[in-house]
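Input: a single structure, listed below in structure tokens.
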Amino acid sequence: MCERGVFLWAINRGKSRVSEQYDPQTLQAKWQRRWEELDLFRAEDSPEDPRPRKYMLDMFPYPSGDLHMGHGEVFAIGDMLARYWFQLGYNVLHPIGWDSFGLPAENAAIRRNAHPAEWTYANIETQAESFRRYAPSFDWSRRLHTSDPEYYRWNQWLFNRFYERGLAYRKGGLVNWCPNDQTVLANEQVVQGKCERCGADVVRRELTQWYFKITDYADRLLDDMAMLEGGWPERLLTMQRNWIGRSTGADVLFEIEGRDEPVTVYTTRPDTLFGATFFVVAPDAPLAERICAPDHREAFEAYRSEVAKLSDIERLSTEKEKTGVFLGVHAINPVNGERLPVWAADYVLSDYGHGAIMAVPAHDQRDLDFALKFGLPVRVVVHTGMADPGETGTATAGDGSMVNSGPIDGLSKEEAIAKIIEILAGEGKGRAAVNFRLRDWLLSRQRFWGTPIPIIHCPDCGEVPVPDEQLPVVLPDMRGEALAPKGVSPLATATEWVNVDCPKCGGAAQRDTDTMDTFVDSSWYFLRYCSPGYEGGPFDVEQVRKWGPIDQYVGGVEHAVLHLLYARFFIKVLYDMGMIDFYEPFVRMLNQGQVVNMGKAMSKSLGNGVDLGEQIDNFGVDAVRLTMLFAGPPEDDIDWADVSPGASQKFLARALRVMTEAGAGTPPGASPEGGDLALRKVTHRTIDEVTKLLDSYRFNVAVARMMELTSAARKAIDSGPGASDPAVREAAETLAVMLSLATPYTAEEGWERLGRPVGIGRAGWPKADPALLVQESVTCVVQVAGKVRDRLDVVPDISEADLEALALASDKVKAHLSGAAPRRVIVRAPKLVNIVP
RNA sequence: GCCCCCGUAGCCCAAUGGCAGAGGCAAACCCCUUAAAAGGGUUGACGUGUGGGUUCGAGUCCCACCGGGGGCACCA
């Protein structure tokens, strides 16, 4: 396997031998220039334009060097759809821009003693050049960079709006800190306890930080997913649902002996309240500190500092033994007055629910593990028919009938939950409650290359937003060593920039020195494309109304609970602000697979990297794009060792020859009427099928159909009516337009050789003639007992009765029936008859 | 541990419950050629991971298992 992979890879890297006949580099040089003059793919904002609109969006790139194979795939897929819509006559918005704030630029700047902008904009230019060669149908006039002050100004403007609505706020608490990147991270950026960017172990720190109140929208983020059903990949929806993690249950109030204030716990199983035998608080919650008995304080504090040392991965491991300490106090069970010992244990999280739980060991595995370890009682209150958890060590979490539970004895789980909530509510000791796994979006970053948070801290007025008319708050000019991470934002050292007058009272004040998470930038960039130069706001409301929402979004699944969640949140806030009129930003979403090599993700350490530019140099843009599309379904991974850009190139050479010969055979405009009927039928059937295939993302199959059409035309030229038959021209022109979606250079060259004017990208999608789609005869399979025994040529609209009679009259059928009358005959006209003897 | 997706030719992949093969790679052979390359053409499953089931009919639907991939996983 490996050897074969290396071998194929070696071939893929070699210069192709078809280059003498078909030279992609020449075609690229020739057409790229002429297309730039033509500017075919500009989206038209004018309301006068009668064409229906479509918005096609590819996730915009981060400028970390040149384009790579992954970009090659996304943009090949996105462009296939965009160009298809152009050919269908839509007014298509297909923009491009750069997600150009972020850490790599800053790290590069520190290394090179430069400004992050130098690295960033140099890379953007490199990528832009590569894009021009790769030839996606972008409307370049809408290009944007999120690191431009004209763009991030609106991040600040939006921050102010969020702030006004109480959706941006500052709070202290434990946050995720990446010791490598020297900044805090949002929950979404911590994967398995590690930094999503750099993989370093994330630690907890107590810091005051800015948040966006995404939890206010948790219900809508979850419920509105019903609208995305069918348009989004199911697994993406599942990931978001899991991430939001809504659960329903009850808040229950417990008195603590010796304290006036009750403590609230959240539980999804209020029905098991009579089974509570102890009480647990999170050691790092302020509550634990408050209620701990003085004579247990020492042990508690020792335990707490022990827990604080653990990394998230260690603490969250399900394998880990339960630990905890008794706090020397008791809670009172509100339903039966029982005294429950209160423990602190790290399996209870401080930031979920209320940081405290009632423990029901019989019916919760975690509580049971803890009870068994510390010798706490186990009381069964749900009779499930399973063995006693106290004996088996396996908690019974299922449904059953309530026992040992006073007023709810005998009830089922559902009934008991309703009843107990009713009882608690009646006594003011509890109520139904909903909880979410989703936390607020931690927004601040202690790094330089991002949007400054537009807040001024005034000793007298407190937090004062920078007035809109003073935006943007532009980053100070800092470079090199000054940007090195120090645990606080580099902006804090820019004294001149930091010290300002308070906009409210005019007194001495200081700017907030953190920058925004760069996911703010990408949460609304697709709205900016609708009116890129607009100065009256982040976007022209009218234009977004016309272009939005996005009909098709293409990008990687790695943003499932990052960008895609944040953007949905932004859209809902903007909807509430009355700025847009749709609920969801992305109607349809496609996650392309990864491009890998030899079964593994490409990486420097494996030495299996494949360079997009090199592939293009060797095989040409068209062959690379075609290979991406033909390799398999778009959502599948492509193993570059399994595919053959060289073969794609050979196919394109073959297709171009067909177009060349057809162009020489007949003049443009020749009517295909009277041309070779068999070829015409192939052409029209191909149109019909490819159209349907493209409508359902079946690009690989669509390309296969184009190959078949090419072969059919080749055959017609060589051993059929010859190149001068008008049906050959029809086939070649159809082929050219279809190929233009995937391989624009070859298609344009062929189009020219067919005598057509430059601009195949807008030539128009061919229409299948229904008259040429009907077959005058169909092969009908006749089965006896499910086995094929005969084939009949029949007219497609044959009646069931006629077909049955015909089938039963067949000699072969008669032979297999050997005279017996059939028991049953299933007729599926015109394709099949099955006779059950 | 729980949930989801996928197993079709040596390989990548097609096939509204109706003849297992559309397309490509690789291979073998043929034509073209002085020869090679380029070009043109021909050839492929004894049954769809395994075992059951539903059905007139199953790659397709259902159940179990095996193998691969992904998601979630102390969230009370």
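A note on names: the letters A, B, ... follow the listed sequences, proteins ahead of strands, and every chain is numbered from 1.
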Would you indicate what A:V280 reaches in the nucleic acid, counting non-hydrogen atoms under 4.0 angstrom: base, sugar-phosphate, or nothing?
-> nothing

Scan A:L806, A:L792, A:L803 and name whichever one has a side-chain contact (heavy atoms from CB on, under 4.5 Å) with A:V782.
-> A:L792

Identity of whatever pairs with B:rA26 - Watson-Crick or G-U, under 3.5 angstrom = none

Record whether the side chain of A:D642 comes under 3.5 Å of the base of B:rC12 through a donor-acceptor pair of N or O atoms.
-> no

Using the P atoms only, state how far B:rA28 lies from B:rU33, rounded to an integer number of Å.
-> 23 Å

Identify the pairs formed between an N or O of the protein and an N or O of nucleotides 41-43 of chain B at a distance under 3.5 Å, and give each distance.
unit_1 : atom_1 : unit_2 : atom_2 : d
B:rG41 : OP2    : A:R654 : NH1    : 3.3

Which comes earlier along RNA chain B counting from the 5' end, the contact point of A:L832 or that of A:R439, where each point is its nearest nucleotide?
-> A:L832

Are A:D351 and A:R439 ion-paired here, with the side-chain N under 4.0 Å from a carboxylate O?
-> yes

Which is true for A:T238 with a 4.0 Å heavy-atom rule: it touches a base, it touches only sugar-phosphate, or it touches nothing?
-> nothing

Does A:Q365 reach the side chain of A:T394, with side-chain heavy atoms less than 4.5 Å apart?
-> yes

Using a 4.0 Å heavy-atom cut-off across all strands, classify A:S247 as base, sugar-phosphate, or nothing.
-> sugar-phosphate

Here the distance between atom P of B:rA76 and atom CG of A:D346, to the nearest Å, is 17 Å

Comparing A:W243 and A:S350 on RNA chain B - which has the more 5′ nearest nucleotide | A:W243

Any side-chain heavy atom of A:P645 sitting closer than 4.5 Å to one from A:N618?
-> no

State the pairing partner of B:rA64; accept Watson-Crick or G-U wobble contacts with both distances under 3.5 Å, and report none otherwise.
-> B:rU50

For A:V788, which contact category applies under a 4.0 Å heavy-atom criterion: base, sugar-phosphate, or nothing?
-> sugar-phosphate

Specify the residues of residues 682-701 of chain A, ordered by number, for which at least one heavy atom lies under 4.0 angstrom from an atom of RNA chain B.
-> A:R698, A:N700

Check every strand shown and say whether A:R235 touches a base, only sugar-phosphate, or nothing at a heavy-atom separation below 4.0 Å.
-> sugar-phosphate

Base, sugar-phosphate alone, or nothing: which one does A:N834 contact when heavy atoms must sit under 4.0 Å apart?
-> base

Under 4.0 angstrom, heavy atoms only, what part of the nucleic acid is A:Q365 near: base, sugar-phosphate, or nothing?
-> nothing

